[in-house]
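Each chain gets a letter, A, B and so on, in the order its sequence line appears, and its residues count up from 1. Quick caveat: nothing in here was measured; it's all calculated off a predicted structure.
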Amino acid sequence: MKRYALFLGCLIPQRIPSVELAARRVFERLNIEAVDLEGYTCCPDPIVARLMDRKMWLAYSARNLSLAEQHGLDLMTLCNGCFETLFEANEIMKREPQTKREINELLAQAGKKYEGRVNVKHVVEVLHEEVGVGQIKKLVERPMKLKLAVHPGCHLFREVEGGDIWRKPRELDELVLATGAKVVHCKLDRLCCGFPMMQANEELALKQNLSLKLACYRHLAVDGIVVPCPTCGIQFETGQVLLRKYGARYDIPCLHVVELLALALGVPADELALDLHRSPVPLLVQKVLTDV
Amino acid sequence: MFQEAELLEYLKIEIGVGLISSSVPREGKICVTVKPTVLRTTAEALLKRGSRFVTITAIDGGLDLELIYHFDLSGTLITLKTIVEKEVPKVDTIADLTPAAEWAEKEVAELFGISFRAHPRPGHFLLPDEWPAGKHPLAKPFKSELPEQLCQVAESLITSGATAPISPLIKRKREEIGLPAQPPASYASEPWLREVHELVQRTDFSKKVGYDWKKRKLRGK
């Protein structure tokens, strides 16, 4: 059994706990032990928090990494933002000895230290590389006969210097395909969902980013959108609600890749709390169940 | 540098625990930062030593007002700084110790809205007679330098260690769907949260954004 320290982050437990539920069920089925990180903080987010104060940002993230290191485990995230922060902080702690010393001095007073022994992984790469698409295909009990758009999000492209930035997005596609779904692409796949821009200009974020993508997906007649990130998921869901005040209505279901996998692996839909979603995910589930 | 070092030692003894920091950045210059409560004592000590009051500079940082008193002692410039929180913008006068400070204090009071306790002749100084009371032309609004949209995030990161605290409704929902009411995050346990609070204090982030530890919120929000 593979063991990973599970970094839940803030948004999943608070805003879409159905993703946490699905992830735990998927890990059970795929024989991955997810060890909870007790006392973890926000990653903190890779844009706003880092710009507010780099030292605070790094101290929080190094503390999170030290929690995984105490278990002797690599760390797995379910969120692109958490991945970006923890990956980036990990690189800084490994590459900048002076910064590492300074941050460890801050951590030392709480009896913590980060040596730099943890690898940070997104759930997409854990599932793809540790379990494998072939194994997942074998375990699929309920093929997802759906036409799905896959939004990789921005931070999934984060790689080590010189690495293949398309590796994880490609793995995400392959995981979705493994469920039996058809993946459709559009020219706007790499366009940001607009979430970070919401802080500065909500209308612009909704109209110039989200609405353009949604219009593209509607044109492609997708059954739903799959994301590997709760932040993108929230933007797709609440964004569709907010867009109504500008006269745009889409009603496209959006779910996290682990929720799709849970459905495909045969976890009963009524055990996944998918009605917590703000987009019509239950309609998508109905379509799946009807097709079966 | 002998005179500067000697004067600094003298001041350290006179100021005692109210001293925050001190330095001699170059020959002929001494910088001392003190708590507002010992500002008057420090000025008194400098004057007793033969220093001459020069002037006061004030800087409004949004949440706090920085007062910089300049003294001269035989060609050595002494910069005495103190930070006054704008919630209670008051500091003791030194005008009774050195008459030259009387106008400087009145100018700062009128332009920045700080009051100097026990000033011998408070009141109108250089603004036009018809200038509205309570309007201080160089005073900035009482708010953090953080953009308004980020204040909530900063406050929550310090208070709970998360971007948003978990609501009672979500706790109920989590339990209904078979999850623990709270994830094992920092806000779920007092010892974890205390550790995070101590860490964030050591980074100086809470000070930078003006976090009030008693009220558990950002000042000026």
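Heavy-atom pairs under 4.5 Å with chain B were tallied for A:Ile103, A:Asp53, A:Ile12; the largest tally goes to A:Asp53. Comparing B:Val200, B:Val153, B:Ile158 by heavy-atom pairs within less than 4.5 Å of chain A, the highest count is held by B:Val200. The candidate with the highest count of non-hydrogen atom pairs below 4.5 Å against chain A, out of B:Leu169, B:Leu150, B:Leu157, is B:Leu157. Of the listed residues A:Gln109, A:Arg15, A:Glu102, A:Arg24, the one with more heavy-atom pairs under 4.5 angstrom with chain B than any other is A:Gln109. Among A:Gln199, A:Lys112, A:Glu105, A:Arg63, the residue with the largest count of heavy-atom pairs under 4.5 Å with chain B is A:Arg63.
In summary, B:Lys217 and B:Asp212 do not engage in a salt bridge, as defined by a charged side-chain N under 4.0 Å from a carboxylate O. Between A:Arg3 and A:Asp74, no side-chain nitrogen of the basic residue sits less than 4.0 Å from a carboxylate oxygen of the acidic one, so the salt-bridge criterion is not met. Between B:Lys12 and B:Glu14 no salt bridge is recorded (no basic side-chain N to carboxylate O distance below 4.0 Å).
For a residue to count as touching a neighbouring chain, one of its non-hydrogen atoms must lie under 4.5 Å from one of that chain's; by this rule B:Lys171 does not touch chain A. In this structure, the portion of B:Arg174 lying under 4.5 Å from any heavy atom of chain A is its side chain and not its backbone. Heavy-atom distances place no part of B:Glu198 under 4.5 Å from chain A, backbone and side chain included. For a residue to count as touching a neighbouring chain, one of its non-hydrogen atoms must lie under 4.5 Å from one of that chain's; by this rule B:Leu146 touches chain A with the side chain only. Proximity to chain B is absent for every atom of A:Leu51, based on heavy atoms less than 4.5 angstrom apart. Looking at B:Ser189, neither its backbone nor its side chain comes within 4.5 Å of chain A, counting heavy atoms on both sides. Both the backbone and the side chain of B:Ala162 come within less than 4.5 Å of a heavy atom of chain A. With a threshold of 4.5 angstrom between heavy atoms, A:Leu8 approaches chain B through side-chain atoms but not through N, CA, C or O.
Checking side-chain atoms of B:Lys140 against main-chain N and O of B:Asp60 turns up a donor-acceptor pair under 3.5 Å.
Checked by atom type, the side-chain pair B:Thr93/B:Glu105 shows a donor-acceptor distance below 3.5 Å.
More than 12 heavy-atom neighbours from other residues, nucleotides or ligands sit within 6.0 angstrom of NZ on A:Lys245. At most 12 heavy atoms of other shown residues, nucleotides or ligands fall within 6.0 angstrom of atom CD in B:Glu148.
Judged by a 6.0 Å distance limit and a 45° cone about the ring axis, B:Arg49 is positioned over the six-membered ring of B:Tyr10.
Aromatic ring pairs are classed by plane angle as parallel below 30°, tilted from 30° to 60° and perpendicular above 60°; the pair B:Trp213 and B:Tyr211 is perpendicular.
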